[in-house]
Amino acid sequence: KAGVTQTPRYLIKTRGQQVTLSCSPISGHRSVSWYQQTPGQGLQFLFEYFSETQRNKGNFPGRFSGRQFSNSRSEMNVSTLELGDSALYLCASSLRTGDEQFFGPGTRLTVL
Amino acid sequence: GENVEQHPSTLSVQEGDSAVIKCTYSDSASNYFPWYKQELGKRPQLIIDIRSNVGEKKDQRIAVTLNKTAKHFSLHITETQPEDSAVYFCAAIRGSNYKLTFGKGTLLTVNP
């Protein structure tokens, strides 16, 4: 079974721009979660989707948004980028909530 | 919301010694507690997990204990090896809110 994939792997943007990150879950997994990882804050939950519905959202500003498609692929969008948005963005998929989450390799976003 | 505290933030042991990492959680309704290992530059990977109806679980050199009354759980690694060196994250989730909350991580260094 192919693992979780994320594209692109690296991104460099400037302040004020917007960015879209993509995540393809393991086949059959319908739950996709997104996390922001930074050295100071660790892994912080952004949001979780299941069957195209956002079921929970973390404490991030409205500039962070996401969606899930009918094939369970998910995208997250960050608008009006700030320097502090520089981080590794990880997505993870699972069959159901409370099951093991399998992580993708992440997208390294650098905001200049 | 859920808050997960993890200690220590860094841990250095000699090869062959045991290592213990402790986490406390705030939401008494949390019912699933995974532990992830993240090697440098790699994605987090599940190493062991425990559910709230179990007090202890073991897998070869790794064990996890859960004390629901005190709301804490611990990771025990015996006979540590240099390849155990990594950052370890604990996490907790209440199935009904779909949000996995992570501790800040423990950098474990096993010295040969």
Side-chain angles (χ1 to χ4, degrees), chain A residues 2-7 9-10 23-26 29-60 64 66 68 74 87-108, chain B residues 1-10 21 23-27 29-54 57 59 62 64 66 86-108:
Chain A
V4 179
T5 58
Q6 292 185 246
T7 56
R9 293 294 311 281
Y10 302 92
C23 172
S24 292
I26 291 172
H29 285 192
R30 295 164 66 189
S31 172
V32 175
S33 297
W34 288 88
Y35 301 90
Q36 181 194 66
Q37 185 172 30
T38 57
Q41 296 300 316
L43 280 153
Q44 290 190 287
F45 174 83
L46 280 156
F47 20 67
E48 191 264 2
Y49 288 89
F50 185 91
S51 293
E52 302 178 67
T53 299
Q54 184 184 92
R55 300 194 295 186
N56 205 339
K57 189 178 186 336
N59 295 325
F60 281 84
F64 291 80
Q68 187 181 34
S74 178
L88 179 67
Y89 290 88
L90 291 159
C91 78
S93 75
S94 62
L95 270 172
R96 293 171 297 270
T97 303
D99 284 352
E100 176 182 358
Q101 290 193 6
F102 294 84
F103 281 83
T107 294
R108 173 75 60 186
Chain B
E2 173 72 279
N3 184 47
V4 177
E5 299 280 343
Q6 182 172 347
H7 299 281
S9 56
T10 61
I21 302 171
C23 289
T24 59
Y25 60 99
S26 60
D27 186 350
S30 289
N31 55 8
Y32 176 62
F33 307 90
W35 286 88
Y36 283 84
K37 174 183 179 183
Q38 187 176 27
E39 297 175 19
L40 190 63
K42 297 193 175 179
R43 69 189 79 184
Q45 291 199 298
L46 183 79
I47 55 170
I48 196 166
D49 56 13
I50 193 167
R51 298 191 184 273
S52 57
N53 58 349
V54 175
K57 185 176 177 180
D59 183 2
I62 295 173
V64 57
L66 171 65
V87 178
Y88 291 80
F89 293 96
C90 63
I93 187 171
R94 182 199 331 172
S96 59
N97 80 352
Y98 316 115
K99 175 184 174 181
L100 189 62
T101 301
F102 284 84
K104 290 245 177 6
T106 296
L107 174 61
L108 173 64

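Lettering follows sequence order; numbering is per chain, from 1.
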Take atom CG in A:N59; do more than 12 heavy atoms of anything else shown fall under 6.0 Å from it?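 Not more than 12 within 6.0 Å, no.
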
So for [X], is it side chain, backbone, both, or neither that comes closer than 4.5 Å to the heavy atoms of chain A?
X	value
B:Q38	side chain
B:Y98	both
B:I93	side chain
B:P34	neither

With a 4.5 angstrom heavy-atom cut-off, is it the side chain or the backbone of A:Y35 that approaches chain B, or both, or neither?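 When you check distances to chain B, only side chain atoms of A:Y35 fall under 4.5 Å.
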
What part of A:L43 gets within 4.5 angstrom of chain B, counting heavy atoms only: side chain, backbone, both, or neither?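 Both the backbone and the side chain of A:L43 come within 4.5 Å of chain B.
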
If you count heavy-atom pairs under 4.5 Å with chain A, which of B:R51, B:R94, B:Q45 comes out on top?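 Most heavy-atom pairs under 4.5 Å with chain A: B:R51.
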
Sub-3.5 Å donor-acceptor pair from the side chain of B:Y36 to the main-chain atoms of A:Q101, do we have one?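 Here the side-chain-to-backbone pair exists.
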
Give the minimum heavy-atom separation between B:L100 and A:F45, together with the two atoms involved.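 Nearest pair, atom of B:L100 first, then A:F45: O-CB, 4.0 Å.
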
Counterpart residues, side-chain contact (heavy atoms from CB on, under 4.5 Å), relative to B:K42 (two or more places apart):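 B:E39.
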
Closest-packed option against chain B by number of heavy-atom pairs under 4.5 Å, given A:R96, A:K57, A:Q37: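 It is A:Q37.
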
A cation-pi test, strictly: NZ or CZ of B:R43 under 6.0 Å from the centre of the six-membered ring of A:F103 and no more than 45 degrees from its axis. Yes or no?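 That pair does not qualify as a cation-pi contact.
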
